Protein chains: 2
Amino acid sequence: MKSNPPPIVTVDAVLLTIVNAELCVALHQRESFPFAGHWALPGGYIHTLEDDSAKAAAARVLRDKTGVVSPYLEEFGSFSGPVRDPRGWSLTMVYFALAPVVSAQVTLFPVSRLPSLPFDHGAIVAGVMERVRSKASYSSLPVHLCPSEFTISELHGVYEVVLGESINMANFRRKLADLNLLEVIPGGMRSAGRSRPSQLYRVNKRFKDRLSVRDRGL
Amino acid sequence: MKSNPPPIVTVDAVLLTIVNAELCVALHQRESFPFAGHWALPGGYIHTLEDDSAKAAAARVLRDKTGVVSPYLEEFGSFSGPVRDPRGWSLTMVYFALAPVVSAQVTLFPVSRLPSLPFDHGAIVAGVMERVRSKASYSSLPVHLCPSEFTISELHGVYEVVLGESINMANFRRKLADLNLLEVIPGGMRSAGRSRPSQLYRVNKRFKDRLSVRDRGL
DNA sequence: TCAATAGTGTCTATAAGACACTATGCC
DNA sequence: GGCATAGTGTCTTATAGACACTATTGA
């Protein structure tokens, strides 16, 4: 009986952010075989001498290839099989990240107009999008796309972009209030244009950490 | 710079079934290092010459070590790190399986009274239980714990065991009816004891396949 | 006929959505 | 003042839960 060659194991990261009212994903130009020169998800091998976990490996890859440090990072799932990578049987652990504006060294593409991607990265992005949209409809996940201080209207806009549909503002505010997710920044107001300035908020410290799957959320 | 040794990659399966109104998990007595002789989750290496995916590897392991073929199988997530396995930096992909009664070659332990498990298998089982209970509260996942023909009362009992709380039967029936999940087996009735016999049902063919995360479910 | 479980009808509490309204700052 | 956006109050509708009820069989 032939012995099984070990699988190739990698991590890939889908970093999402909002630019001009569009969800965008960070892509990286591959430097080496296979698909050198092609735009692809930032990814790489696990460094067993440095990384404490696959998730830590994804965070490192994201930091090294995009300059983004410690965004919200969540495991999406695995993609594996004999043919997805020309090098052989491979398994990649996919993580998705949400961040507000992103460092200048990142190249962002709107998810609705992505170039064709190597490996199964197209399917990976599609899967992550479905997951993020799904979670947005019942959790407070999208707050991670906002900077540390933001207005309700901005958060409202983020939800609308992620969900791709308009949300009634009155109901949005009510649910948000029920959640106890946000806290007022005392005296923090943002004036935009010639209209009424709006209150600035930040995420409640208690919630900052435990924004998890289980939260009822918005 | 030292080169990174590759991670050890395995799959593990958490097979759940119900025995005597208790959720039970299948354990397997390890044959080799590490923890030879200990009860642990059935698991093993990916066979890159045979397996089409990590999930297929989990299905194969389950078949070989417990005799259970093609149960409901879903990816749970990864567990990884430098210390969870004495052999070195390791990553395991965990899958959970739901099945009705199980082949005789399986040893089942009630989840509430598990022996102490090697590696991080205790945490893995705990995580899977949380996920299964959570999904049971909003999806039709638990139908996979029923045999192909079952009564509403039996399904009701399964939900109660999984959720660990009593469920109002009238509301349960109503939600089930709204779902359109089940279909009557014409003429199929089950008489138990001296009381009114109950109608047998099976899962609607259209639903059989696409019982997925996204179903509103019960 | 009665014990026991199957199955139904209906009221109530809560949450989601629609929508009309008021408030306030800047030009 | 009046335009534009911030923010509120309240009615309607869908859904979840509670609970009392009827139905049908075997002993």
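Within every chain, numbering begins at 1; the chains are lettered A, B, ... in the order of the sequence lines, protein sequences first and strands thereafter. Only a predicted model underlies this, so the values are computations on that prediction, with no experimental measurement involved.
Heavy atoms of A/S191 sit under 4.0 angstrom from primed sugar atoms or phosphate atoms, though from no base atom.
Between B/S195 and A/E154, the residue anchored nearer the 5' end of DNA chain D, judged by the nucleotide with its closest heavy atom, is A/E154. Annotation: of the two residues near DNA chain C, B/P197 and A/P197, the 5′-most nearest-nucleotide partner is B/P197.
Between the P atom of C/dG25 and the CD atom of A/Q199 lies a distance of 12 Å, rounded to the nearest Å. Regarding A/N168, its CG atom lies at a distance of 16 Å from the P atom of D/dT10, rounded to whole Å. Between the OH atom of B/Y138 and the C1' atom of D/dG17 there is a distance of 21 Å, rounded to whole Å. C/dG25 atom C1' lies 9 Å from atom CE of A/M189, rounded to whole Å. When the P atom of D/dG9 is taken as reference, atom CE of A/M169 falls 16 Å away, rounded to whole Å. One interatomic measurement links the two molecules: CZ of A/R174 to C1' of C/dA15, which rounds to 8 Å at whole-angstrom precision. Here C/dA6 presents its P atom at 11 Å from OH of B/Y201, a figure rounded to the nearest Å.
Of the candidates D/dT24, D/dG7, C/dT8, D/dT24 carries the atom nearest the B/R196 side chain, counting heavy atoms from C-beta on. Checking C/dC27, C/dA23, D/dG17 against the side-chain heavy atoms of B/K175 singles out D/dG17 as nearest. Minimum atom distance to the side chain of A/R194 is reached by D/dC3, of the listed C/dA6, D/dC3, D/dG9. Ranking D/dT5, D/dG9, D/dG17 by closeness to the B/N171 side chain, first place goes to D/dG17. Residue A/I152 has its side chain nearest to D/dG7 when only D/dG7, C/dG7, C/dG25 are considered.
There is no side-chain donor-acceptor pair under 3.5 Å between B/S80 and A/S53.
Ring geometry, B/H38 versus B/F35: the interplanar angle exceeds 60°, so the pair is classed perpendicular (tilted spans 30 to 60°).
Distances shown here put a side-chain N or O of A/R173 below 4.0 Å from the OP1 or OP2 atom of D/dG7. Under 4.0 angstrom from either OP1 or OP2 of D/dA6 there lies no side-chain N or O belonging to A/T151.
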Practice problem: For the pair B/L41 and B/V25, evaluate side-chain contact (heavy atoms from CB on, under 4.5 Å) and give the outcome as yes or no after the intermediate values. | Solution: CA-CA 9 Å; B/L41 294 172; B/V25 55; 4.2 Å; yes

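Checked against a 6.0 Å centroid threshold, the rings of A/Y201 and A/F150 do not count as neighbours. Ring centroid separation for the pair A/Y95 and A/F76 does not come in under the 6.0 Å cut-off.
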